[in-house]
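Shown next, in structure tokens, is the structure this report addresses.
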Number of protein chains: 2
Amino acid sequence: MVVEVRQRQADRSRGTRRKLMEATVDCLVERGWSGTTTILVAERAGVSRGAQLHHFRTRGELVAAAVEHLGAESVLVLKARAVGVGRSPVAVVGLIADFYASDLFSAALELWVAARTDPELKTIVLPLQTKIGRETHRLAVELLGADETRPGVREAVQITLDLVRGLALANQLADDRKRRAGIVRHWATMLEAALEES
Amino acid sequence: MVVEVRQRQADRSRGTRRKLMEATVDCLVERGWSGTTTILVAERAGVSRGAQLHHFRTRGELVAAAVEHLGAESVLVLKARAVGVGRSPVAVVGLIADFYASDLFSAALELWVAARTDPELKTIVLPLQTKIGRETHRLAVELLGADETRPGVREAVQITLDLVRGLALANQLADDRKRRAGIVRHWATMLEAALEES
DNA sequence: TAACAAACAGTCAAGACTGATTGTTAGCCG
DNA sequence: CGGCTAACAATCAGTCTTGACTGTTTGTTA
């Protein structure tokens, strides 16, 4: 019984933390970095301010946790979507481009930009960004079935990722889907050639 | 005499406004959007708070003016740098990529991201962004000596611009110059092929 | 069952930011 | 020379955000 109850408590605790972290991400998407206040997060999470402060003593702590959460979730989402996607360059580039056009990226972008001028945030975001960047690269290589030992292939994959980030940027202020699709298609063709080139 | 003095006054007024707008851009670069407070801007500009409020009654007014100023300056800077640059794709792509890696872009990015969740700012930034995007595209076409009537050329130029924006993003948190140079070189080769392809 | 710990709720004071109000100076006009 | 206006200065009140503090409920251990 003792163990069970402890489990129940731990579960609840974890649930509350999760709700807070997810509410933080939601706020980032809806209100942006400066609009993400602790009060708003608590309200959105349906958690009292006291409970919030119990779990995350400062805004920094909350954000740090949210960043980690966001990073983990991003990778998961991307991998999940990758299941069942064709291996053709168009499909793969489209997949990644669409992912970068999602709300998750908007939230990440808010953190990214804020981290530039916020040292505390930077120490959290920078290493995570590096890690996610690497993982995304690896996933792209895998999905494309690319052979990185061949000359130019590694660069082509890098171009793909930098390009989709640029496209994602253009998508922040207005719906850029149509233009994006055209560019994705065009780049996919070039990428295919680069991958197959002997 | 009357006219002269009026002129002197008008000059001073314009100078103060300019100082305020430039200080706003500086603050954006150094402190980010939420760190750009009216007080800080006034201090940086060496202008009293009263004078500031005299010229720009609200924060919104100040920012709107700064955005316009930034836009105009960006185009000028880019065009100025373009003078005397070789017409080879490597040189042109490098030029644009370096420009997007400058402080001016950091400031623009702050506004860009903030505008996503700030309707007032959005109404200012969006049209200007469209305009600058078009001008940059035109400039790139001109510098590259590209013939947009040929198939794929327009898309190749668009890819170039979206790519450099993606690269600029990666450059925000850490100095990415080395990696960027490699990608620029690689893409320039692909671009050259795309432009010359009959 | 009594002592204790963890989760949670509500209140409050300090500090920051914005914008409004009031006062001052320089130069023109009649 | 006195009134008048534009530019500028200084102060102040209201609002928002943060995090500290105190109290309450629920669960745990001896």
Side-chain angles (χ1 to χ4, degrees), chain A residues 1-24 27-28 30-66 110 114 117-121, chain B residues 1-24 27-28 30-66 110 114 117-121:
Chain A
M1 330 297 113
V2 174
V3 174
E4 273 177 30
V5 173
R6 267 203 194 138
Q7 191 60 38
R8 243 178 284 152
Q9 264 195 348
D11 272 356
R12 202 168 49 157
S13 182
R14 219 176 307 143
T16 304
R17 291 178 70 91
R18 235 175 79 92
K19 268 194 281 185
L20 283 167
M21 293 186 290
E22 284 175 2
T24 304
C27 279
L28 281 173
E30 284 182 21
R31 306 291 189 96
W33 169 253
S34 60
T36 300
T37 67
T38 55
I39 292 178
L40 198 66
V41 169
E43 277 172 11
R44 280 200 74 93
V47 165
S48 81
R49 192 151 164 65
Q52 177 187 41
L53 248 60
H54 173 75
H55 287 289
F56 304 103
R57 301 170 82 175
T58 69
R59 188 176 193 260
E61 250 181 58
L62 171 63
V63 170
E110 293 284 344
T117 51
D118 184 331
E120 186 192 344
L121 188 57
Chain B
M1 325 300 113
V2 174
V3 173
E4 272 176 31
V5 173
R6 275 210 185 127
Q7 191 61 35
R8 242 178 284 151
Q9 268 193 347
D11 273 355
R12 201 166 52 156
S13 182
R14 220 177 307 140
T16 305
R17 292 177 69 91
R18 234 174 78 93
K19 269 193 282 185
L20 283 167
M21 292 186 292
E22 284 175 3
T24 304
C27 278
L28 281 173
E30 283 182 22
R31 307 292 189 95
W33 169 252
S34 61
T36 300
T37 68
T38 55
I39 292 178
L40 198 66
V41 169
E43 277 173 11
R44 280 200 73 94
V47 165
S48 81
R49 192 156 163 63
Q52 178 187 41
L53 247 61
H54 174 75
H55 287 289
F56 304 104
R57 303 175 78 173
T58 69
R59 189 177 193 263
E61 249 182 58
L62 171 63
V63 170
E110 293 284 345
T117 51
D118 184 331
E120 186 191 345
L121 187 56

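To find a chain, count down the sequence lines: A is the first, B the second, and so on, and within it residues start at 1.
Atom CG in B/Leu40 sits about 8 Å away from atom P in C/dC17, given to the nearest Å. When the C1' atom of D/dA7 is taken as reference, atom CZ of B/Arg17 falls 13 Å away, rounded to whole Å. Put simply, CZ on B/Arg14 is 12 Å from P on D/dA7, counting in whole angstrom units. Protein atom CD of B/Glu43 is 14 Å distant from nucleotide atom C1' of D/dA10, rounded to whole Å.
With B/Glu43 as reference, B/Leu40 is the one residue of B/Leu40, B/Val41, B/Val47 to meet the side-chain contact (heavy atoms from CB on, under 4.5 Å) rule.
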Report each atom pair, protein N/O against N/O of nucleotides 17-23 of chain D, whose distance is under 3.5 angstrom.
from   : atom 1 : to      : atom 2 : distance (Å)
D/dT18 : OP1    : A/Arg59 : NE     : 2.8
D/dT18 : OP2    : A/Thr38 : N      : 3.0
D/dT18 : OP2    : A/Thr38 : OG1    : 2.8
D/dG19 : OP2    : A/Arg59 : N      : 3.2
D/dG19 : N7     : A/Arg49 : NH2    : 2.3

Kindly give the atom pairs (protein nitrogen or oxygen, nucleotide nitrogen or oxygen) under 3.5 Å for nucleotides 3-7 of chain C.
from  : atom 1 : to      : atom 2 : distance (Å)
C/dA7 : OP2    : A/His54 : NE2    : 2.7
C/dA7 : O5'    : A/His54 : NE2    : 3.4

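For B/Thr16, the side chain to side chain donor-acceptor pair (under 3.5 Å) criterion is met by no residue, not counting sequence neighbours. Residues satisfying the side-chain contact (heavy atoms from CB on, under 4.5 Å) criterion with A/Ser48, sequence neighbours excluded, are A/Ala51. Considering only residues two or more places apart in sequence or on other chains, A/Glu30 meets the salt bridge (charged side-chain N to carboxylate O under 4.0 Å, His left out) condition with A/Arg44. A search for side chain to side chain donor-acceptor pair (under 3.5 Å) contacts involving B/Arg18 returns B/Glu22, not counting sequence neighbours.
Formation of a donor-acceptor pair under 3.5 Å by the B/Glu110 side chain with backbone atoms of B/Gly32 is not found in this model.
Counting non-hydrogen atoms of other residues, nucleotides and ligands closer than 6.0 Å to CZ of A/Arg31 gives a total of 12 or fewer.
In this structure, CG on B/Leu62 lies 14.5 Å from CZ on B/Arg57, to the nearest 0.5 angstrom.
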